[in-house]
Amino acid sequence: MSETMRNTALFGIVFALIILTGFMQSWNVALLIINMGLISAIMALGVNLQWGFAGLFNVGVMGFVALGGLAVVLTSAAPVEDAWSAGGWRIMIALLAGAGTIVGTVMVRQRMSAGRARNLVTFALLMGGFFLYRGIFDPGVAAVEAINPALQGNLGGLDLPVLLAWPMGGLLAAGVAWLIGKTALGLRSDYLAIATLGIAEIIIAVMKNEDWLARGVKNVVGLDRPVPYEIDLQNSSSFINHAEGLGIDVATASSLFVKLNYAILFTAVLLVIFVMAQMALNSPWGRMMRAIRDNEVAAEAMGKHVTNRHLQIFVLGSAICGIAGAMMTTLDGQLTPGTYQPLRYTFLIWVMVIVGGSGNNLGAVLGGFLIWFLWVQVEPLGLWLMEFITSGLSEDSWLRDHLIKSAAHMRLLTMGVVLLLVLRFSPRGLIPEK
């Protein structure tokens, strides 16, 4: 079987499973799997860019996905005028003062010769800047968070079209990745993994605790969407007439219509990113990145600035994850910082890349769809399997009760088994790098 036929067959199997889900469960479930599969494929492309192209072990994917979600609030939400007048500008001045302190300290250290005097000046500048920052920042935060805390208590956003939030999510993630990369990319791969994991947790902690930014764990709901809300469609007489003409329940028709529109938008974004990733892979830049990945010492001896190249691809991969995070928050219509967990937004994405085929963009897309399908469907299938196995046992059997309750853990067991099988029988992934 040729490579093209084999790849086509693999994608055909995955989409046949999704179509089967539509017939056996519901088309709403099938479309939701497709939409989240598209988003997961984009995240996998971002990680594949970093690991597959450059060998960068980024375990902070969750943080960049969360930054993409935050960008949706900061871009598309309406500004809270009362909050801005109460303390918003104080917060902005405080942030500028903090940034100015850091920049000023760096400039002073560059101009002074090493020694005790430079250390004392550095300490004085940092301590003075810190107290100035807190003196301005804390009262501003208190004033903002006191404004209608049940519904607002934050500054809001720029009230721009929500589709602009997707590239803004990429820009925000890229900016933070640049700051992280300037510090962490000099570390060896294992230390880089620890650093990115810790930084991702810091990002989530900030989002959870800084209510003035995006309401923290109180969440931001009712965000703008590029497609109508289902309730608006259900109140539209023209849509009701179309649904009744097709013989479909209005609630079901509205949900299918929204998910289909999202699928079209997400597919367009995935195709653009995939084509650009393929062009990068096959370009001189892509060949240089793989040469650096395979032998950093040889590449550096040939005049390549390895750290700068690593920074480039770290920023690009993080930007793609930020775009995917913004898309997911738009799909949900809300930002919920408490739901960002490493298992879902880091480990699972890595499984997608490894199973699909590290270093192959098509493999990353396949892994995104396959692993997300399994993640969604394994638990109900596991419950059905346990009920079938224990059908001969009495209702009060302790073994039956234990096996049925254990079905909730089938997701993690399946991910581990799939990963082990792929590493054993196809260690380069289902669609290996050429």
Side-chain angles (χ1 to χ4, degrees), residues 3-4 7 41-61 63-64 167 170-196 199 269-324 346 349-350 352-368 426-434:
E3 181 183 346
T4 302
N7 295 347
I42 293 172
M43 293 182 192
L45 280 173
V47 173
N48 185 58
L49 202 66
Q50 296 173 338
W51 173 252
F53 286 24
L56 294 179
F57 194 21
N58 175 18
V59 194
V61 180
F64 300 110
L171 288 173
L172 180 58
V176 174
W178 184 85
L179 292 173
I180 295 170
K182 292 294 286 185
T183 304
L185 285 179
L187 301 172
R188 287 202 329 245
S189 60
D190 47 353
Y191 294 112
L192 175 63
I194 295 170
T196 51
I199 291 167
V269 175
L270 174 60
L271 287 174
V272 170
I273 292 176
F274 178 80
V275 169
M276 293 175 68
Q278 283 293 96
M279 292 172 63
L281 178 66
N282 298 318
S283 68
W285 179 83
R287 290 190 289 272
M288 175 193 63
M289 292 307 309
R290 282 180 288 176
I292 292 174
R293 175 198 66 188
D294 295 336
N295 195 326
E296 286 188 18
V297 176
E300 201 161 14
M302 295 174 65
K304 307 300 181 184
H305 199 301
V306 173
T307 303
N308 281 353
R309 300 305 182 187
H310 278 171
L311 181 61
Q312 288 177 3
I313 207 159
F314 185 72
V315 168
L316 287 173
S318 300
I320 292 174
C321 292
I323 292 170
T346 296
I349 307 305
W350 271 97
M352 293 172 184
V353 174
I354 294 169
V355 170
S358 175
N360 192 309
N361 292 318
L362 199 61
V365 174
L366 174 67
S426 183
R428 297 174 62 205
L430 296 176
I431 306 180
E433 181 182 7
K434 295 180 181 179

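By the 30° and 60° cut-offs, the orientation of the rings of W51 relative to F57 is tilted.
One distance of note links CE of M302 with CD1 of I292; it measures 10.0 Å at 0.5 Å rounding. The OG1 atom of T307 sits 7.0 Å away from atom CD of E300, with the distance rounded to the nearest 0.5 Å. Annotation: the span from N308 atom CG to K182 atom NZ amounts to 6.5 Å, rounded to 0.5 Å. In this structure, CG on N58 lies 11.5 Å from CD1 on I349, to the nearest 0.5 angstrom. Here the CG-CD1 distance, from L316 to I273, works out to 11.0 Å after rounding to the nearest 0.5 Å. The OG atom of S318 lies 9.5 Å from the CG atom of L49; values are rounded to the nearest 0.5 Å.
Taking both residues in full, the closest heavy atoms of G60 and T346 are given as C-OG1, 4.4 Å, listed atom of the first, atom of the second, then distance. Listed here is the closest heavy atom pair of A174 and V315: CB-CG1, 3.6 Å. Heavy atoms only, all atoms of each residue included: W285 and Q312 are closest at NE1-OE1, 3.0 Å. For L311 against A177, the heavy-atom pair with the smallest separation is CD1-O, 4.4 Å. When all heavy atoms are compared, the tightest approach of S426 to L430 is OG-N, 4.1 Å. Closest non-hydrogen pair, I431 versus G363, comes out as CB-CA, 3.9 Å.
Applying the side-chain hydrogen bond (donor to acceptor under 3.5 Å, both in side chains) rule to E433 yields the partners R293; only residues at least two apart in sequence or on another chain are considered.
R290 contributes a side-chain N or O that, together with a main-chain N or O of L281, makes up a donor-acceptor pair within less than 3.5 Å. Here the side chain of R428 pairs no donor or acceptor atom with the backbone of S358 at under 3.5 angstrom. Proximity of a side-chain donor or acceptor of N48 to a complementary backbone N or O of A44 within less than 3.5 Å is not detected.
A heavy-atom distance below 4.5 Å is found between the side chains of L45 and L270. With a 4.5 Å cut-off on side-chain heavy atoms, F64 and I320 do not count as touching. Contact of the T196 side chain with the F314 side chain is registered, since non-hydrogen atoms from C-beta on lie closer than 4.5 Å.
Within a 6.0 Å sphere centred on CE of M288, other residues, nucleotides and ligands contribute more than 12 heavy atoms.
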